[in-house]
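Since the structure comes first, as structure tokens, the remarks are kept for the end.
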Amino acid sequence: MTRRGKFVVNKMGNATIHFNRSTAQSLPTPQQHCQNISSPHQPTVCRRVASPPTLTLTQKLEFVLTLINRLLIGFITIYLCWMSLRLDRKDIPWHAVLCTLGFLCLMSEGLMAYYRGNVWTQVCQRQEKARLHWVLQLCGSIIGLIGIVIKMCLEEVHFHTRHGILGLATMIILLISLLSGLGSLYATELKSRLQPRVNKALHNIIGLMTFTLAMLSMYYSFETKLFNDYSLDAAAYMDFRHLLEITTVIIFVLSTYGPLWCLFHSRL
Ligand code: HEM
């Protein structure tokens, strides 16, 4: 019997080909998964008995929480984009659109790339998760930074509100975070100068700080004049504003759970 790719070819007797979903390392041992499905004189045919993956209660809960997180991110992103893009072209607040897309949508998705509760990255290897993480973070950062720069060009007085100051802090630490990300990507090459574990833990901490500041700035964006002017009845009723604020807090908690778990379980 020879193995070609993922197919097990039986050359003895009548040639039969069985599709085997396992890789070379995980080929079942005869004792485990072999069944003699013919008479004793005929060749033994190995067939892998496909067992459904068993998920623990915690894993199921993590999948559900990630799904809820994505729904909440979608809710805020779609609402703020709709609120902004329905205006006349010259009035569109691109700052709100780009910062929401970059910091809320792409950055939180990038944070969840390594998370074991993330259904989309379940099939990915560690390297693929790393690539997805940095691509999402880089795109989110660029889009968010363009949004901030647009606002800075439009405003006459700068960084005079809670939202603006937190946004400025986000921008500064984001640049440090991108550098630390580059260091983390080349952790092996830099191991003579900095232990890879320390390097990655540092990147984790700086990345979490960036996301925390971005979400705080997002939280306070719902008290800006722009939001009050263009959002549904925001000036008259506080309910919807509170709903968006609470949603932002939940998104923050659900997105940072994975990286925090990694941080506390990595032995420095
Ligand atoms: C995480 C996302 C966000 C970040 C990091 C951010 C960042 C900033 C920064 C740095 C400024 C100061 C610009 C300056 O003074 O020159 C600013 C101003 C402003 N942003 Fe945002 N922003 C975000 C999301 C939003 C959203 C979603 C809205 C609208 C709903 C918004 C509305 C405003 C307004 C109206 C100003 C000018 C008044 C003020 O400084 O409060 N921002 N933002």
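Given the structure is predicted, the values throughout are model-derived calculations rather than measurements. We count ligands from 1, going down the list as the structure has it; atoms in each ligand are counted the same way.
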(message) Quiz question: by atom type and distance under 3.5 Å, do the side chains of S217 and H163 form a donor-acceptor pair?
(response) yes
(message) Among all protein heavy atoms in this structure, tell me which lies nearest to atom 14 (C) of ligand 1, with the distance rounded to 0.1 Å.
(response) H158 ND1, 3.6 Å
(message) Are V149 and I143 linked, directly or through intermediate hydrophobic residues, by side-chain heavy-atom contacts shorter than 4.5 Å (ILVMFWY only)?
(response) no
(request) Would you mind checking which non-hydrogen protein atom is closest to atom 38 (C) of ligand 1, with the distance to 0.1 Å? (result) E155 OE1, 4.2 Å
(request) Determine, using the 4.5 Å side-chain heavy-atom cutoff (strictly less than), whether L106 and I78 are members of one ILVMFWY cluster. (result) no
(request) Looking only at non-hydrogen atoms, find the nearest pair between L87 and P93 and report the distance. (result) CD1-CD, 3.7 Å
(message) I need the nearest protein heavy-atom contact for atom 40 (O) of ligand 1: residue, atom name and distance, please.
(response) T161 OG1, 3.0 Å
(request) Could you tell me the residue and atom name of the protein heavy atom closest to atom 15 (O) of ligand 1, and the distance to it rounded to 0.1 Å? (result) F159 N, 2.9 Å
(request) Under the side-chain contact (heavy atoms from CB on, under 4.5 Å) rule, collect the residues that match up with P259, sequence neighbours excluded. (result) L111, N204, L208
Sequence neighbours left out, cut at 3.5 Å: what donor-acceptor pairs do the side chains of residues 176-188 make with other protein atoms?
residue	atom	partner	partner atom	Å
S180	OG	S177	O	2.9
S180	OG	H203	ND1	2.8

(message) Quick check on R193: does its CZ atom have over 12 non-hydrogen neighbours (other residues, nucleotides or ligands) under 6.0 Å away?
(response) no
(message) Check the orientation of H133 and Y114. Use parallel for under 30°, tilted for 30 to 60°, and perpendicular for over 60°.
(response) tilted
(request) Within a distance under 4.0 Å of any heavy atom of L168, pick out the atoms of ligand 1 and give their elements. (result) 10 (C)
(message) Determine whether the aromatic ring centres of residues Y79 and F240 are separated by less than 6.0 angstrom.
(response) yes
(message) Could you work out, with side-chain contact (heavy atoms from CB on, under 4.5 Å) as the rule, every residue matching I205, not counting sequence neighbours?
(response) M209, L263
(request) Check whether L260 and L213 end up in the same hydrophobic cluster, where Ile, Leu, Val, Met, Phe, Trp and Tyr are linked by side-chain heavy atoms less than 4.5 Å apart. (result) yes
(message) Among all the protein's non-hydrogen atoms, which is closest to atom 1 (C) of ligand 1, and how far away is it?
(response) A214 O, 3.2 Å
(request) Just need the protein heavy atom nearest to atom 5 (C) of ligand 1, so name the residue and atom and give the distance. (result) F103 CE1, 3.6 Å
(request) Any atoms of ligand 1 less than 4.0 Å from a non-hydrogen atom of M152? List them with their elements. (result) 13 (C), 16 (O)
(request) Record the part of T100 in heavy-atom contact with ligand 1 below 4.0 Å; permitted values are side chain, backbone, both and neither. (result) side chain
(request) Answer yes or no: does an N/O atom from L226 fall short of 3.5 Å to an N/O atom of ligand 1? (result) no
(message) I want to verify a count. Protein N, O or S atoms less than 2.8 Å away from atom 21 (Fe) of ligand 1, how many are there?
(response) 2
